[in-house]
Amino acid sequence: HPAMITHPNPKRVAVIGGGEGATVREILKHSTLEKVVMIEIDEGVVNLSTKYLPEWQDCSSIAHHDGCAEWCFDDVRADLRVE
């Protein structure tokens, strides 16, 4: 997450792909975030990762993340909005 380190005050982030959840987990460690949207075209990737790689999606140790992450299963070419 180099962009998170170089940005002085990241508030909203869109993650395109990354259905395994590890990228979102690492991004949520930044306390300045207000909203993270993870856009994945294939919900099956998320389901398989939840089953076989649960530790990659585990955000339970990140206290300030509650409510700011949203998962969207869609084709990002159709519509990309981070509002």
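Quick note: residue numbers are just sequence positions, from 1. Being a predicted model, the structure only gives us computed values, none of them experimental.
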Would you sort out whether E34 and R12 count as a salt bridge (charged side-chain N to carboxylate O under 4.0 Å, His left out), showing the intermediate values?
CA-CA 6 Å; E34 295 172 359; R12 297 176 306 198; over 6 Å; no
Would you please name every residue forming a side-chain contact (heavy atoms from CB on, under 4.5 Å) with S49, sequence neighbours left out?
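Testing S49 for side-chain contact (heavy atoms from CB on, under 4.5 Å), a comparison that skips the adjacent residues, returns E20, V45, L53, Q57.
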E43: partners by salt bridge (charged side-chain N to carboxylate O under 4.0 Å, His left out), with sequence neighbours left out
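Residues passing salt bridge (charged side-chain N to carboxylate O under 4.0 Å, His left out) with E43: none at all.
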Listed partners of E55 passing salt bridge (charged side-chain N to carboxylate O under 4.0 Å, His left out), at least two apart
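If we apply the salt bridge (charged side-chain N to carboxylate O under 4.0 Å, His left out) test to E55, skipping adjacent residues, there are no hits.
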Check: K35 and K11 side chains under 4.5 Å, non-hydrogen atoms:
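No. Closest side-chain heavy atoms not under 4.5 Å.
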Does T32 offer a backbone N or O that forms a donor-acceptor pair with the side chain of H30 under 3.5 Å?
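No, because the side chain of H30 does not come within donor-acceptor range (under 3.5 Å) of the backbone of T32.
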Check whether any side-chain N or O of E40 sits under 3.5 Å from a backbone N or O of G19 as a donor-acceptor pair, and report yes or no.
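Confirmed, E40 side chain pairs with G19 backbone.
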I27 versus L33, closest heavy-atom pair with distance:
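It is O-CD1, 3.0 Å.
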With T23 as reference, evaluate V15, I16, V13 under the side chain to side chain contact (heavy atoms under 4.5 Å, CB included) test and give the passing residue.
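Only one of V15, I16, V13 forms a side chain to side chain contact (heavy atoms under 4.5 Å, CB included) with T23, namely V15.
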Measure the spacing between CG of L28 and CE of M38 and express it to the nearest 0.5 Å.
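Here the interatomic distance stands at 11.5 Å.
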